[in-house]
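Here the structure is laid out as structure tokens; the discussion comes afterwards.
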Amino acid sequence: MKTVKLGLPPHRGISWNPKTMETAESGREILADGRVKYWIKHEILKGVFPRMLVWWFQHLEGKMEYQGKVLERYHVWHPEDHVHVSYEKTNESGNIGPSAVLRIVEYLGRQKRYLVNVISPIEKLDETGFIHNPKLYGILPIARMEYQFQETKEGTFYENCLIVGWKGISFRFLRPVFEFLFFDRKHGQYWIKHNIEEVGQFQNFLPELFRSQNENLR
């Protein structure tokens, strides 16, 4: 696992107006197998289409120009919370897709106690959605991230969820302890807030970035 200097990210010196939680539907539920699911149904992402989202998740690394500054793409996506993203490895074909692995570091809500520091193998990435499976300390499979993309005339209807825990009877018994120690309801609300903000930010930069990097597709 790559070594990354931890600590709250500096202010990026750019302006943004993140979407609020009221702009999306969201909730928490307990699945039949005992795991906890936090889910979001976002507003339509106008001008952002599934092919752009696939390209984005395959090209998270790198810099871009935004508001007159040259910044890491990942920092533009969420200027306040994001620290680092990289690809720990590509798949057997040398591409970013199923079996490739992400490294993600961020602080939800700029709260030190809500540090995300994981590697996450990619299970699925296509124009219908994206699935990856974060592992705590690169070892413990404690969560599942599922995204669904549905193209509309205006853009994309984007749904996603975070499923916390592991399958099996042991988690049903340990869930209260796990939530108390690692991921309580407040933590889940910070994840929802963070996600609504970063997904909403797509409209402000991704269409232009995608076109600039894929001129032959105009």
Side-chain angles (χ1 to χ4, degrees), residues 1-6 31 33 35 37-40 42 45 48-64 71-78 81-108 115-151 155-168 191 194-195 198-199 201-202 205-218:
M1 191 162 69
K2 292 183 175 71
T3 300
V4 177
K5 184 178 180 180
L6 301 180
L31 301 180
D33 61 15
R35 293 179 297 166
K37 178 180 178 179
Y38 293 90
W39 58 268
I40 310 170
H42 300 266
L45 295 178
V48 178
F49 295 92
R51 66 184 181 278
M52 299 179 183
L53 294 166
V54 173
W55 178 87
W56 169 253
F57 289 114
Q58 291 175 331
H59 297 86
L60 289 166
E61 294 179 331
K63 296 180 183 292
M64 63 177 288
L71 301 165
E72 295 290 339
R73 295 172 184 173
Y74 192 60
H75 297 165
V76 172
W77 192 19
H78 198 300
D81 294 357
H82 284 178
V83 176
H84 171 87
V85 73
S86 58
Y87 299 106
E88 284 282 311
K89 71 170 189 173
T90 59
N91 59 23
E92 292 181 356
S93 301
N95 300 318
I96 304 301
S99 79
V101 178
L102 283 167
R103 173 74 192 284
I104 301 168
V105 182
E106 59 192 20
Y107 289 87
L108 304 181
L115 167 65
V116 176
N117 184 13
V118 299
I119 67 166
S120 195
I122 296 172
E123 179 179 322
K124 169 185 174 177
L125 179 56
D126 60 35
E127 291 191 18
T128 66
F130 179 37
I131 299 174
H132 62 100
N133 296 279
K135 293 183 178 182
L136 186 63
Y137 308 121
I139 301 171
L140 302 174
I142 59 163
R144 180 176 175 85
M145 301 280 291
E146 298 180 351
Y147 308 62
Q148 295 182 45
F149 312 142
Q150 182 179 341
E151 185 163 342
T156 299
F157 176 50
Y158 189 117
E159 298 180 75
N160 63 325
C161 69
L162 167 65
I163 302 173
V164 180
W166 56 88
K167 293 182 179 180
W191 175 81
H194 169 90
N195 206 268
E198 69 178 8
V199 171
Q201 176 74 340
F202 276 136
F205 76 89
L206 185 53
E208 183 177 350
L209 176 64
F210 178 81
R211 286 190 292 268
S212 71
Q213 299 293 309
N214 299 275
E215 293 183 354
N216 58 319
L217 298 181
R218 291 189 181 191

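Bear in mind that the values here come from a model prediction, so they are computed numbers and not experimental data. In this chain, numbering begins with 1 at the start of the sequence shown.
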**Message:** Can you confirm whether the side chains of Glu72 and His82 place a donor and an acceptor under 3.5 Å from each other?
**Reply:** no
**Request:** Can you label the angle between the Phe202 ring and the Tyr158 ring as parallel, tilted or perpendicular, going by 30° and 60°?
**Result:** tilted
**Asked** Any donor-acceptor pair under 3.5 Å linking the side chain of Arg144 with the backbone of Asn133?
**Response** no
**Prompt:** What is the distance from atom OH of Tyr74 to atom CG of Asp81, rounded to the nearest 0.5 Å?
**Reply:** 9.0 Å
**Request:** Measure centre to centre between the rings of Phe210 and Phe49, then say whether the value is under 6.0 Å.
**Result:** no
**Worked verdict on Gln58 versus Asn95 for side-chain contact (heavy atoms from CB on, under 4.5 Å)** = CA-CA 8 Å; Gln58 291 175 331; Asn95 300 318; 6.0 Å; no
**Prompt:** When rounded to the nearest 0.5 angstrom, what is the spacing between CD in Glu159 and CD in Gln150?
**Reply:** 7.5 Å
**Message:** Just verifying a value: how many Å separate Met145 CE and Cys161 SG, rounded to the nearest 0.5 Å?
**Reply:** 8.0 Å
**Request:** For Asn195 and Glu198, indicate whether the former's side chain and the latter's backbone hold a donor-acceptor pair under 3.5 Å.
**Result:** no
**Message:** Let me confirm one number: the CE-CG distance from Met64 to Leu209, rounded to the nearest 0.5 Å.
**Reply:** 4.5 Å
**Message:** Please check: side-chain N/O of Thr156 versus main-chain N/O of Val48, any donor-acceptor pairing under 3.5 Å?
**Reply:** yes
**Asked** Taking C-beta and beyond as the side chain, do Glu127 and Arg51 meet within less than 4.5 Å on heavy atoms?
**Response** yes
**Residue pair Asn160 / Phe130, side-chain heavy-atom distance below 4.5 Å** = no
**Prompt:** Does some side-chain heavy atom of Phe57 sit less than 4.5 Å from a side-chain heavy atom of Ile96?
**Reply:** no
**Message:** How close do Glu61 and Tyr87 get, counting heavy atoms only, and between which atoms?
**Reply:** OE2-N, 3.0 Å
**Request:** Determine whether His132 and Ile104 make a side-chain contact, defined as any pair of heavy atoms from C-beta on separated by less than 4.5 Å.
**Result:** yes
**Prompt:** Partners of Lys124 by salt bridge (charged side-chain N to carboxylate O under 4.0 Å, His left out), sequence neighbours excluded?
**Reply:** none
**Item:** Ile142 side chain near Pro134 side chain, heavy-atom distance below 4.5 Å
**Value:** no
